[in-house]
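Heads up, the thing below is written out as structure tokens.
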Amino acid sequence: MSQRVDRIVERIRAIPEGFVRTYGDIDPRAPRLVGLVLSESHDPDLPWQRVVRADGSLAKGDEQRRLLLREGVPMRGERVDLREARFPPEL
DNA sequence: CGGATGACGCAGT
DNA sequence: TACTGCGCCATCC
């Protein structure tokens, strides 16, 4: 796989429990690729539920919502409260 | 070598 | 807030 994909996987792995990051935080130039990687990966150690859209909405609906609530991620309705739960993007 | 396609982002309306 | 259009990058055809 490309090193770009490796970087994406690394960054997803690095998201701590109770926090989330957006597709754009993980790869600003290719957010859609982030989604593709997640959809293809079957790795149980990849915390896929911690990757959300830029507005806090969830790509995987209810299941994702349950998992996030279970690890204490603050929600506002159907979306994650990013002001509280966003893990800082690297500069 | 185009063209379409995704767990998307952003600006404009 | 919702919807639209266009940009983005690796892949697949």
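Chain naming here is simple, since letters A, B, ... match the order of the sequence lines and numbering starts at 1 in each.
With rounding to whole Å, A/Ile26 atom CD1 is found 16 Å from C/dC8 atom C1'. Rounded to whole Å, the distance from CG on A/Leu33 to P on C/dC8 is 15 Å. In this structure, the CD1 atom of A/Ile8 is 10 Å from the P atom of C/dT11, given to the nearest Å. Atom pair A/Asp27:CG and B/dA7:P shows a separation of 17 Å (rounding to whole Å applied). Between the CZ atom of A/Arg4 and the P atom of C/dC8 there is a distance of 12 Å, rounded to whole Å. Rounding to whole angstrom units, CD of residue A/Gln64 and P of B/dA7 are separated by 13 Å. Residue A/Arg7 contributes atom CZ, which lies 13 Å from atom C1' of C/dA10 at whole-angstrom precision.
Salt-bridge check for A/Arg13 with A/Asp43: passed, with a basic side-chain N closer than 4.0 Å to an acidic carboxylate O. A salt bridge does not link A/Asp27 to A/Arg11: none of the charged nitrogens lies less than 4.0 Å from a carboxylate oxygen.
Scanning for side chain to side chain donor-acceptor pair (under 3.5 Å) contacts around A/Gln49 gives A/Glu71, with sequence neighbours left out.
Across A/Ile26, A/Val5, A/Val9, A/Thr22, a single residue satisfies side-chain contact (heavy atoms from CB on, under 4.5 Å) together with A/Val34, and that is A/Ile26.
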Check your understanding: Which nucleotides of nucleotides 8-13 of chain B have their base under 4.0 Å from a protein heavy atom (B), which only their sugar-phosphate (S), and which neither (-), written as one string 5' to 3'?
Key -> BSS---
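Atoms CZ and CG, on A/Arg86 and A/Asp25 in that order, are 4.0 Å from each other to the nearest 0.5 Å. If you take CD1 on A/Ile8 and CG on A/Leu38, they are separated by 8.5 Å, rounding to the nearest 0.5 Å.
Residue-to-nucleotide proximity on DNA chain C shows that, of A/Ala30 and A/Arg79, the 5′-proximal contact is made by A/Arg79.
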